Number of protein chains: 2
Amino acid sequence: MKDTKEHIINTASTLFLQKNFKEVTMKEIVDKTGLSKGAFYHYFESKEKLFMEVIDNILFSQMYFDYDKYSNKSFYEFYHACANNTNVINETKSENIQDTGKSFYSPNFYFLIFDAMNLLPDFRKKMEGYLEKERNAWISAIKRARECGEIKTTLTDKHIASFFISTADGIALNLIIGGKYGNLKKELLSLWNEFYKSIKT
Amino acid sequence: MKDTKEHIINTASTLFLQKNFKEVTMKEIVDKTGLSKGAFYHYFESKEKLFMEVIDNILFSQMYFDYDKYSNKSFYEFYHACANNTNVINETKSENIQDTGKSFYSPNFYFLIFDAMNLLPDFRKKMEGYLEKERNAWISAIKRARECGEIKTTLTDKHIASFFISTADGIALNLIIGGKYGNLKKELLSLWNEFYKSIKT
DNA sequence: ATTTATAAACCGAACGGTCGGTATAATTAA
DNA sequence: TTAATTATACCGACCGTTCGGTTTATAAAT
């Protein structure tokens, strides 16, 4: 059944967003899914294969953001859309996470990224490709905004892009450590909006 | 002997900078130190206790940065000093890391931070305290720069501080993923310098 | 100076427990 | 009846840790 497999992937996703690969045990996955080991290994040949599917499911579908959709919109709209997209995972997954009393940090995919780089040989290239695409989208959006007179600044397109991308990651990281990842969108827009004010014409 | 214990901590430090707590095995620690398990447990009562000492050693000594030293210097000097401090760990530890052929990422303490938050109950508060101190140092340095006419901008002190701090983390994260953590200082200063140009009087 | 006594440093086999994974039986669906 | 699905019992490998014992350094006694 397709449903059962998806159910396993979803359950495992929330676990892998909380803890790293080694910390999530098969017993845990089996218990949380309400299935047995036999049932699990009917659908997946190994824990690693499951992990790969989780990676694909989370990183390369949910994380995917259609930048082209904003190619004819203003830069203001572009970065607001990006801010809205940042915590898709948080919103879609955190509802499944019950507080165990232990000091879990917020669900975040930095775990996944680090683990995936260790476990999946071709992951880094895939990730780099994604990041490059993201960066190019930002750069072209900024370039467009400058050309059509939306913004005006001495800063180069590249550096502005670098600003938006790295602040997104950096603020996310800080909020995760502080246990306040839920504020990401708010914090991001606070900084981005004021920066935007300073460069808009 | 103090030497042996320090030797264990140093060896373990390089390991914990490469892999997370569970991925580093006792066998590995023992082999890399050239000691036996018995010898190890003569100095540490558990793997966790060793990990705690590694945390203290790396995060709260090496990571420590004396912001007060720059209280009478220019903001330009301040952020250059911070940029120089970012990859202290990288420089001091990476020499010990031999390339095993496996796709290790650059040594970085994001592993340590994540693991420490799970394993050590009081770590988060400690970390938050450190981050707050860091942020306050930035804010007061910026405030000073504004007051004495070094910089002039519509951006608030808080947001400028947020810019510097989050870009440091964000760029570091991106470079780790790309396997080019060694470029951190260069990349950081490239962005920071140009931003500085745009706000300096 | 040499022997004796005490402690620190170190070793590696072995332990109990948990890990991911498998073989096989029971159940359900077709 | 046959094939797909789920459950149970079980496996060997490996984990962190323990433990009995050896070696080496330090100090005391003769």
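None of the values given here were measured: they were computed from a predicted structure. Each chain gets a letter, A, B and so on, in the order its sequence line appears, and its residues count up from 1.
Heavy-atom neighbours of B:Glu132 CD from other residues, nucleotides or ligands within 6.0 Å: at or below the threshold of 12. Annotation for A:Glu77: atom CD counts as buried by contact number, over 12 foreign heavy atoms lying within 6.0 Å.
Between B:Trp138 and B:Phe75, the ring planes lie perpendicular to each other; the angle is over 60°, past the 30° to 60° tilted range. Between A:Tyr110 and B:Phe114, the ring planes lie parallel to each other; the angle is under 30°, not in the 30° to 60° tilted range. Between A:Phe65 and A:Tyr70, the ring planes lie parallel to each other; the angle is under 30°, not in the 30° to 60° tilted range.
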Report task. Could you please spell out the steps behind the ring-ring contact (aromatic ring centres under 6.0 Å, His included) verdict for B:Phe109 and B:Phe16? Result -> CA-CA 8 Å; B:Phe109 46 77; B:Phe16 285 129; over 10 Å; no
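Distance CG (A:Leu35) to P (D:dA4): 19 Å, rounded to an integer number of Å. Separating the CD1 atom of B:Ile8 from the P atom of C:dC10 is a distance of 8 Å, rounded to the nearest angstrom. Rounded to an integer number of Å, the gap from B:Leu50 CG to D:dC15 C1' is 16 Å. Rounded to whole Å, the distance from CG on B:Asp31 to C1' on D:dC15 is 14 Å.
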In B/S/- notation (B base, S sugar-phosphate only, - none; protein heavy atoms under 4.0 Å), nucleotides 17-24 of chain C written 5' to 3' is --SBBB--
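For C:dC10, one of the phosphate oxygens OP1 or OP2 lies less than 4.0 angstrom from a side-chain nitrogen or oxygen of B:Thr4. Between D:dT5 and A:His42, a contact under 4.0 Å exists linking OP1 or OP2 to a side-chain N or O. Within the structure, a side-chain polar atom (N or O) of B:Tyr43 is placed less than 4.0 Å from OP1 or OP2 of C:dC10.
No hydrogens or angles considered: a donor-acceptor pair under 3.5 Å links the side chains of A:His159 and B:Ser190. With no hydrogens or angles considered, no side-chain donor-acceptor pair links A:Tyr67 and A:Asn136 at under 3.5 Å.
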Using a cut-off of under 3.5 Å, enumerate the N/O to N/O pairs linking the protein to nucleotides 28-30 of chain C.
none

